[in-house]
Amino acid sequence: MASSAETSVSEAQAACETVGPAIAVLDAQGTVVGWSQAAQRLVGYSAAEVVGRSAGVLLVAADDRAKASQAAQENTGRGRCSYLAQVRHRDGRSIDVRLRVSSLSGQDGRERWVVCATDKALLPMWPAEATGAEPLLATLPLPSRLPIGVVIRDRHLRCIRVNDTQGSKDGIPLPKRLGRRLTEAAPGTEAETLEAVMHQVLESGDPAINVDYRAFLPANVRSNRILTASYFRLDDAQGRALGVCVVSVDVTDSRRARERLAILGEVSRRIGTTLDVMQTGQELADLAVPFLADFATVDLAESVPLGEEPLAHLGPQDGHIPAFRRAGLASIHPGIPESLFARGEPVFVPPISPFTNVLRSGKSHFEPILDTSPGSWLDHQDAARAEKIRKHAMHSLMVVPIHARGAVLGVAVFVRTDDPRPFEEDDLLLAEELVSWAALALDNARQYVRERSAALALQRLLLPHHATGGSAADVAWRYLPADSHHGIGGDWFDVIPLSGARVALVVGDVVGHGINAAAKMGQLRTAMRTLADMDMPPDEVLSRLDEQVIRLTEAEADPRHPATTTMAATCLYAVYDPVTRTCTMSRAGHPPPAIIDPHGHVTFPDLPTGAPLGLGLVPFESVTLELAEGSVLALYTDGLIEARGQDISAGMNRLRAALARPHLTLDDLCSSTVDTLRAKPPSDDVTLLLAQTRSLSADQVASGSSPSGDWNT
């Protein structure tokens, strides 16, 4: 952890980069030989008033003048020093400044110093211990991570002075630099761009602040240092341009930190947007490239997309490695040529490799310089992967386990190819942070897949498989569960044979999603069948069912928080009698049925809405209609007619149009209606039950001791 003093230096440096320092060039005797316009703005003196005079006259206190002389002598070998002082403004007032002094090398061998001064009012507060007679910064060398490079160039932009820091950071050695222009010392487009900036500064006198450029390093050096430079014109005593002073700072670490913060800021927005494990894997790969890596893959154990429990460790078991599937991959190159496997394909995992070590240990594999030498695990175990690595110049590798709640779900692989920098420890920490976030999303998705599969299995078990309307009606039905994001709902339907050749038709919808909604649906379907066997009128059946829902809610209620347990459902219950060709219906907050006559005309009968089940608010009412033989009753749930941003009446009009197809068979009509109306992807379960009525004469119906529908006469 950095000390408070180091932090203050870093903050001061950041402020200096932002506002631009005043620049003065001094000879060995402390005489001003160069003066910038920023210096004139700071203290009010023009170049004509200062050049040729001792810089010491600008210091207010004698102690500061002595301190400056002593600091220069003590830091001659080190080449730089930094301290606080007061300088005299032309109008007589004093200004607190921070002075940064750096020695310069030149071809003539004469000593020169460059002084950068920044108004203390523009800097952050200094530590309390730095305000005494001996400021803390006076004894601190500049931190090695934030050195300041200085280059003085003449009117022809030839380098005439440079300090040691500049050469160590931008990659141009001193002998190659002195006496040459930048385009001569480091030919290329970047040098040409920077020289154009310097020409503009020379001509206009306006400084150029914070111009980023990359260090001029040999191609075989795996580094990518970023520097930011500020350019100031230096004037002589007559106000003529002497040249340009270039002040540079290495900002590689701060730029990388900013990039890492940007990536972490994107995590919550771009990873885990769905409950699909394969999509989450792809989101992780997409976020990593190109911010962190040039190539990334995400491989999951095959049990994960299926919602099954992964193994505690996915290393070899009895000599066998669990199967993996590629869930995500991304590359800076079109077509992702680095990958051996396409997304969704099974992945071969070598039995002896960094991948299996990660799976076995649950710890990351970090290889900043990837070993591709002959005889490594690549040659013995994975020749195809070795060929890919060499062909695409993969030189740095991180393999990070994806684990959640103690279980390893898979691995994420990060590789650098075109980026010459090897991965660093900070890169590994960032990769692990990204993977941790993705692992949480993957685990949530995996658990959801498991719950959804259980809910679907339960729902399929509870719904009728071979429903028949007997001699009263032909029936057809479709049930489509909601998409994986919204979860399985609580839709149910049933076709119940009754005495006297009658048939009961039921469609209901339990409020909520998931396995709980499916379980409650099963309870209501069982209760409905029991009530239907008692041969009560539809309105009484719903009243009894309403009471049953209230009892179930009370039984499940938490005594400490009774209001947190609720159970509500809608339902439509209809009984058709083929002898009288009448249908008696009652509904509890459910959409009304549709009736299609034999000619294809569709109507929605005026049926009292009723309150949803479980509220116990108002009694239910029944309505009896006479239907022509061959009419079709359509019972459905709201998932068929609801659409985001549209009124429910618009959905019913669409349903009317979809059902008005008398030329279709009952089964085809059921399929075409659902295909036409369902949302894609469906946000709620969709259920449609069609019953085409028949008619029977009284002598075709066997009599029995059970009630024969007297409530309907």
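Residues: numbered from 1 along the sequence shown.
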(message) Checking Y231 against L194 for the side chain to side chain contact (heavy atoms under 4.5 Å, CB included) test, could you report, in this order, the C-alpha distance in whole Å, the side-chain angles of both residues, the deciding distance, and whether it holds?
(response) CA-CA 10 Å; Y231 301 82; L194 296 179; 3.4 Å; yes
Inter-residue atom distance [X].[atom1] - [Y].[atom2], 0.5 Å rounding:
X	Y	atom1	atom2	result
C245	W35	SG	CH2	12.5 Å
D419	S396	CG	OG	9.0 Å
Y213	I226	OH	CD1	12.0 Å
L397	L370	CG	CG	5.5 Å
R416	F423	CZ	CZ	4.5 Å
D294	I332	CG	CD1	4.0 Å

For residues [X] and [Y], determine if any side-chain heavy atom of one lies less than 4.5 Å from a side-chain heavy atom of the other.
X	Y	result
R177	I172	yes
V115	I23	no
V97	Q86	no
D212	L227	no
L284	W437	no
M398	L292	yes
L434	V400	no
F414	F295	no

Do [X] and [Y] sit within salt-bridge range, that is, some charged N less than 4.0 Å from a carboxylate O?
X	Y	answer
R90	E49	yes
E195	R181	yes
R161	D154	no

(message) Working note: R326 + D299, criterion salt bridge (Lys or Arg N to Asp or Glu O under 4.0 Å); need CA distance, chi angles, decisive distance, verdict.
(response) CA-CA 4 Å; R326 182 137 295 172; D299 299 329; 2.7 Å; yes
(request) Mind running side chain to side chain contact (heavy atoms under 4.5 Å, CB included) on V298 and Q282 for me, showing each step along the way? (result) CA-CA 7 Å; V298 178; Q282 184 59 47; over 6 Å; no
(request) Would you please say whether a donor-acceptor pair under 3.5 Å links the side chains of T183 and E192? (result)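 On atom types as modelled, these side chains do not qualify, holding no pair under 3.5 Å.
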(message) Before you tell me yes or no, could you show the steps for L157 and H199 under side chain to side chain contact (heavy atoms under 4.5 Å, CB included), namely the whole-Å CA-CA distance, both residues' side-chain angles and the distance that decides it to 0.1 Å?
(response) CA-CA 8 Å; L157 301 183; H199 275 297; 3.5 Å; yes
How close do [X] and [Y] get, counting heavy atoms only, and between which atoms?
X	Y	result
D418	H333	OD2-NE2, 3.2 Å
C116	V247	SG-CG2, 4.3 Å
A285	A296	CB-O, 4.2 Å
G34	L234	C-CD2, 4.3 Å
V201	P207	CG2-C, 4.4 Å
S364	E432	OG-OE2, 2.7 Å

(request) Determine, stepwise, if the pair V33 / L26 fulfils side chain to side chain contact (heavy atoms under 4.5 Å, CB included). (result) CA-CA 6 Å; V33 295; L26 314 181; 5.9 Å; no
(request) Could you please spell out the steps behind the side chain to side chain donor-acceptor pair (under 3.5 Å) verdict for T417 and E338? (result) CA-CA 10 Å; T417 55; E338 303 96 328; 4.6 Å; no
(request) Please list, chain by chain and in numerical order, all residues satisfying side-chain contact (heavy atoms from CB on, under 4.5 Å) with R270, sequence neighbours excluded. (result)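 Counting only residues at least two positions away or on another chain, R270 forms a side-chain contact (heavy atoms from CB on, under 4.5 Å) with E266, D286, L287, F291.
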(message) Would you say that more than 12 heavy atoms from the other residues, nucleotides or ligands in this model lie under 6.0 Å from the CD of E367, or not?
(response)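 Buried by this count: over 12 neighbours within 6.0 Å.
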